Amino acid sequence: MTSLCNCCFQTFLKSIFSHTAWDISREVDQRLHLTSWWTSPPTREEAAARSAGGMAGAPDERGPGPAAREQLQQQHVGCRVFPERPAQGTPQQGFLSGFFTSNQKCQLMLLKTLETNPYVKLLLDAMKYSGCAVNKERHFSCEDCNGNVSGGFDASVSQIVLCQNNIRNQAHMSRVVTHELVHAFDHCRAHVDWFTNVRHLACSEVRAANLSGDCSLVNEIFRLHFGLKQHHQTCVRDRAILSILAVRNISKEVAQKAVDEVFESCFNDHEPFGRIPHNKTYARHAHRDFQNRDRYYANI
Amino acid sequence: MTSQSSLVPLPINHEVAGGSGSSSDMADGGGWRPPRPCEAYRAEWELCCSAGHFLRHYYVHGERPACGQWRRDLASCREWEERRSAEAQRSLCESERARVRAAQKHGLVWTPRQSPPADWHLPLPQDKDS
């Protein structure tokens with residue numbers, strides 16, 4: 001309960017600032033083609049610090065053409081969001097918090113999520129069936145990250161990054177893992193052009209926001225985003241746009257256009273759940289259906 | 001390796017197992033059984049009728065959920081279990097095919113893979129170098 005109250009308090013503080021600060025403080029890491037999941041807008045102080053440091057990797061002047069511009073951005077090895085990549089090595093040990101370091105806590109929470117969370121168990125089964133069996137040591141990495149990012153999927157090495165300094169509790173870990181596994185699942189089942197096709201990125205972000213529980217009514221209320229009728233779709237659109245802006249040096253209008261173009265198709269693509277899993281009950285139903293798929297398709 | 005994703009539904013014209021669809025072939029079962037256990041239809045119907053689902057469905061779609069088809073499917077499933085009714089079998093098949101069609105009607109943004117990414121199981125670059 002204490003951690004939940006702390007989570008609520010942090011979310012409350014961060015959500016009272018306007019999205020103007022958000023626009024200023026976009027984090028970009030094009031070289032690693034990461035998709036990034038924001039938990040909430042950065043604080044005004046963080047946004048001011050980043051804007052004072054300049055928008056590295058997002059210059060106003062343009063190179064000879066799009067390809068050259070992309071190359072320049074690739075060479076920008078600031079990795080401001082995921083500073084421990086690509087030089088991964090041994091994750092840094094954080095300060096001792098109780099009996100465990102942040103890395104150890106991350107690992108423990110990850111293990112519990114992988115073993116017990118019905119969203120994750122379905123995704124893992126589906127990926128295994130598709131030929132992408134997930135190995136905890138190979139496909140997950142707990143690292144310190146900058147800013148308010150909770151995690152990301154590194155398509156260049158097929159690995160999920162978990163931001164051990166920003167994931168607050170078990171429920172949060174489960175949502176982040178679910179979100180990133182949706183990206184990993186898309187990477188496994190389709191030719192997703194993470195780097196050069198914004199529509200592909202937008203589609204995966206729409207799906208991840210839709211299916212991870214991130215846009216549940218309760219979570220939106222905690223963010224002080226009040227709305228009921230079809231508000232889920234508004235949340236999915238908004239968070240998909242924010243996630244795109246976090247890893248791509250494009251304008252909000254371009255991101256919005258990409259989301260609008262793919263929204264109907266990708267919002268209604270519920271694989272592997274077959275439905276929008278509003279909570280664990282729905283996820284368990286979906287898992288049951290997945291395990292029953294042979295009987296299902298043999299008898300319709 | 002061909003990735004057989006069960007998540008891509010089989011074509012709608014996939015033949016029903018056990019026969020071409022004539023009622024006489026199906027009347028005795030011919031190996032056919034309901035696509036889902038009757039308990040699953042009941043669980044879906046009860047979930048659909050719950051207040052929580054009403055609220056969540058309205059939150060997502062802006063309209064109230066329609067639960068009548070789950071009730072009809074549950075009735076058909078029970079009728080099949082008790083009397084091996086051909087009409088019940090036909091009704092269930094048509095209902096589930098309609099669900100598959102509804103899920104398939106939106107086109108894909110990307111091209112499905114025929115095999116998983118080549119580097120999925122390879123060690124990380126720094127692991128290879130060490």
Side-chain angles (χ1 to χ4, degrees), chain A residues 86-89 126 129-133 135 138-139 155-159 186-193 197 199-200 202-203 216-217 227-233 261-262 264-272 274 276 278-279 281-282 285 288-290 292-300, chain B residues 1-10 12 14 16-18 31-37 40 43-44 47 52-53 55-63 89 92-97 99-100 102-103 105-113 115-117 119-127 130:
Chain A
Q88 291 180 316
Y129 186 83
S130 299
C132 297
N135 177 279
R138 166 61 179 85
H139 295 109
S156 63
V157 293
S158 299
Q159 190 178 58
D186 290 340
H187 184 64
C188 175
R189 65 164 179 155
H191 290 283
V192 181
D193 186 351
N197 193 323
R199 294 172 79 251
H200 284 194
C203 186
S216 70
L217 181 59
L228 185 58
K229 184 176 181 178
Q230 275 189 316
H231 181 74
H232 176 89
Q233 296 188 32
E261 285 176 0
V262 304
E264 183 166 351
S265 172
C266 302
F267 183 80
N268 291 293
D269 179 0
H270 301 150
E271 297 300 329
I276 296 175
H278 302 293
N279 57 31
T281 299
Y282 290 84
H285 279 50
R288 175 206 64 201
D289 291 345
F290 179 79
N292 187 53
R293 63 194 179 282
D294 289 338
R295 168 177 171 171
Y296 183 83
Y297 288 116
N299 290 286
I300 62 171
Chain B
M1 180 187 109
T2 301
S3 174
Q4 293 235 349
S5 172
S6 68
L7 311 164
V8 176
L10 291 171
I12 286 299
H14 171 75
V16 174
W32 186 89
R33 53 177 179 159
R36 310 175 202 241
E44 295 290 350
L47 181 64
H53 180 74
L55 179 64
R56 293 182 191 101
H57 195 275
Y58 188 79
Y59 174 67
V60 174
H61 300 290
E63 58 186 23
Q89 179 179 357
L92 271 176
C93 285
E94 183 50 42
S95 172
E96 294 292 0
R97 288 179 181 184
R99 288 195 178 102
V100 172
K105 72 178 180 182
H106 301 280
L108 292 176
V109 169
W110 39 51
T111 306
R113 286 184 183 267
S115 58
D119 66 342
W120 183 262
H121 296 290
L122 293 180
L124 291 166
Q126 63 270 23
D127 293 343
S130 62

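We use all heavy atoms of the structure for the numbers below, so side chains are in, but hydrogens, waters and symmetry mates are not. The shown structure was predicted, so the numbers you read here are calculated from the model rather than taken from an experiment. Chain A is the first sequence line, chain B the second, and so forth, proteins listed ahead of strands; every chain is numbered from 1.
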Minimal non-hydrogen separation, [X] against [Y], with atom names:
X         : Y         : result
Arg113(B) : Ala190(A) : NE-O, 3.0 Å
Pro116(B) : Gly131(A) : CG-O, 3.6 Å
Val60(B)  : Gln233(A) : O-NE2, 2.9 Å
Asn299(A) : Pro35(B)  : O-CG, 3.7 Å

Say you draw a straight line from [atom1] of [X] to [atom2] of [Y]; how long is it, rounded to the nearest 0.5 Å?
X         : Y         : atom1 : atom2 : answer
Trp110(B) : Cys266(A) : CH2   : SG    : 5.5 Å
Ile276(A) : His61(B)  : CD1   : NE2   : 5.0 Å
Asp119(B) : His187(A) : CG    : NE2   : 5.5 Å
Arg138(A) : His121(B) : CZ    : NE2   : 9.5 Å

Heavy atoms from other residues, nucleotides or ligands near CD of Glu94(B) exceed 12 (cutoff 6.0 Å):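 Correct, the count exceeds 12.
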What part of [X] gets within 4.5 angstrom of chain B, counting heavy atoms only: side chain, backbone, both, or neither?
X         : value
Ser216(A) : backbone
Asp193(A) : neither
Ala133(A) : both
Asn197(A) : neither

Would you mind reporting whether [Y] and [X] have side-chain heavy atoms less than 4.5 Å apart?
X         : Y         : result
Ile300(A) : Arg99(B)  : no
Asp289(A) : Glu44(B)  : yes
Arg56(B)  : Leu217(A) : no
Leu122(B) : Ser158(A) : no

Under the side chain to side chain contact (heavy atoms under 4.5 Å, CB included) test, residues paired with Tyr58(B) that sit two or more places apart: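 By the side chain to side chain contact (heavy atoms under 4.5 Å, CB included) rule, Tyr58(B) matches Leu228(A), Lys229(A).
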Geometric class of the His232(A)/Tyr59(B) ring pair [parallel <30°, tilted 30-60°, perpendicular >60°]: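 It falls in the perpendicular class, over 60°.
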Trp120(B) and His139(A) aromatic ring geometry - parallel, tilted or perpendicular at 30°/60° bounds: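 The arrangement is parallel - the two ring planes meet at less than 30°.
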Side chain, backbone, both or neither of Leu108(B) within contact of chain A (heavy atoms, under 4.5 Å):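 For Leu108(B), heavy atoms of backbone and side chain both lie under 4.5 Å from chain A.
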Pick from Ala40(B), Gly52(B), Gly62(B) with the largest number of heavy-atom pairs that fall under 4.5 Å of chain A: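 Option with the greatest count: Gly62(B).
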Choice from Arg199(A), Glu261(A), Arg288(A) maximising heavy atom contacts with chain B below 4.5 Å: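 Most pairs with chain B among the choices: Arg288(A).
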Flag, side chain of Arg36(B) to backbone of Arg295(A), donor-acceptor distance under 3.5 Å: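 Checked: no pair found.
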Full working for ring pair (Phe, Tyr, Trp, His ring centres under 6.0 Å) between Phe267(A) and His106(B): CA-CA 10 Å; Phe267(A) 183 80; His106(B) 301 280; 9.5 Å; no
